[in-house]
Amino acid sequence: MGALLLDAEALYRELLRGVRSLCGPQTRLVGITSGGAWLAERLQQDLGLAGAPGVISSAMHRDDFAQRGLAAGGQTQLPFEVNGAEIVLLDDVLYTGRTIRAVINELFDYGRPASVRLAVLVDRGGRELPVQPDFAAARVALPAAQSLELARDAAGRFSFHVEGQ
């Protein structure tokens with residue numbers, strides 16, 4: 001199998017275009033730790049949105065919490081009122097859908113948003129739950145033994161690392 005080459009910066013520009021189309025005047029960005037939070041932070045700036053984006057962790061609502069514990073991510077910080085908010089949830093790589101399920105449970109612990117839309121950098125398929133993004137910058141098929149991880153350098157530029165066989 002040939003090496004998978006994904007230009008994360010080019011995909012980010014496509015994500016920026018897609019998220020711009022999902023945003024209204026009251027939209028709040030919320031990134032899933034860690035890659036989604038990096039995307040939300042940069043999108044917040046590039047879209048010129050006021051305030052800070054939210055960061056959300058799936059750790060407390062994961063169905064594998066007993067195995068993973070709290071090491072799976074940072075803490076949730078939502079610097080705005082969740083009740084009635086129009087939220088664009090951001091993640092770097094969408095795979096089984098289990099993280100999204102956990103994050104939505106976490107989000108509802110803070111209130112009831114008016115809407116939640118999902119935008120991802122890469123949708124790699126392999127869903128175990130009925131979760132689909134409203135926008136995906138790319139769709140890539142990867143074997144289950146491989147993982148795709150977003151990295152960010154000191155200058156804030158994105159790249160991908162493929163792990164596994």
Give the cluster check for Ile32 versus Leu148: same hydrophobic cluster or not, with ILVMFWY residues linked at side-chain heavy-atom distances below 4.5 Å. no

Within the 4.5 Å heavy-atom criterion, are Phe135 and Arg117 side-chain neighbours or not? no

Looking only at heavy atoms, what is the nearest atom pair of Gly54 and Ala40, with distance? O-CB, 4.5 Å

Is there a side-chain contact (heavy atoms from CB on, under 4.5 Å) between Leu47 and Leu16? Walk through the geometry before answering. CA-CA 8 Å; Leu47 292 168; Leu16 175 62; 3.6 Å; yes

So which atom in Leu11 and which in Ala138 form the shortest heavy-atom distance, rounded to 0.1 Å? CD2-CB, 3.6 Å

Please tell me whether Leu89 and Met60 are part of a single hydrophobic cluster in this structure, the criterion being side-chain heavy atoms less than 4.5 Å apart. no

Determine whether more than 12 heavy atoms belonging to other residues, nucleotides or ligands lie under 6.0 Å from atom CD of Gln132. yes

Tell me whether Trp38 shares a hydrophobic cluster with Val55, the cluster being built from Ile, Leu, Val, Met, Phe, Trp, Tyr side chains joined at under 4.5 Å. no

Flag the pair Val131 / Ile104 as yes when at least one side-chain heavy-atom distance between them is below 4.5 Å, and no otherwise. no

Please find the pair of heavy atoms, one from Ala119 and one from Val88, that lie closest to each other, and give the distance. CB-CG1, 4.2 Å

Counting only N and O atoms by type, is there a donor-acceptor contact under 3.5 Å from the side chain of Glu86 to the main-chain atoms of Ser115? no

Minimal non-hydrogen separation, Gly84 against Ala114, with atom names: O-CB, 3.3 Å

Arg17 CZ to Leu22 CG distance, which is reported to the nearest 0.5 Å: 10.0 Å

Between the side chain of Arg42 and the main-chain N/O of Asp46, is any donor-acceptor distance below 3.5 Å? no

Nearest 0.5 Å, what's the CD1-CG distance between Ile87 and Leu107? 4.5 Å

Same apolar cluster: Leu118 and Val122, side chain cutoff 4.5 Å: no

Is any side-chain heavy atom of Thr76 less than 4.5 Å from a side-chain heavy atom of Tyr110? yes

With rounding to the nearest 0.5 Å, note down the distance linking CD in Glu14 to CG in Asp7. 12.0 Å

State, with a plain yes or no, whether a side-chain heavy atom of Val19 is found less than 4.5 Å away from one of Thr27. no

Indicate, with yes or no, if Val103 and Leu94 share a hydrophobic cluster defined by side-chain heavy-atom contacts under 4.5 Å among Ile, Leu, Val, Met, Phe, Trp and Tyr. yes

Between atom CG of Asp91 and atom CD1 of Ile56, what is the distance when rounded to the nearest 0.5 Å? 11.0 Å

Please report the interatomic distance CG(Leu6) to CG(Leu150), rounded to the nearest 0.5 Å. 10.5 Å

For a quick test of reading the model, state the closest non-hydrogen atom pair linking Pro133 to Ala136 and the distance between them. CG-CB, 4.1 Å

Could you check whether any side-chain N or O of Arg101 sits under 3.5 Å from a backbone N or O of Leu129, counting only pairs where one atom can act as donor and the other as acceptor? no

Mind checking the OG-CZ spacing from Ser58 to Arg98? Nearest 0.5 Å is all I need. 12.5 Å

Flag side-chain contact, heavy atom, 4.5 Å: Tyr95 against Leu142: no

Test side-chain contact (heavy atoms from CB on, under 4.5 Å) applied to Leu15 and Leu43, Asp92, Val120, the passing residue: Leu43

Do Leu90 and Leu29 come within less than 4.5 Å of each other through their side chains, counting heavy atoms only? yes

Looking at Ala50, is its backbone amide N or carbonyl O close enough to the side chain of Gln44 to form a donor-acceptor pair, meaning the two atoms are under 3.5 Å apart? yes

Minimum heavy-atom separation for Ala37 and Thr33, please, with both atom names. CB-CA, 4.3 Å

Are any of the side-chain heavy atoms of Arg157 and Tyr12 separated by less than 4.5 Å? no

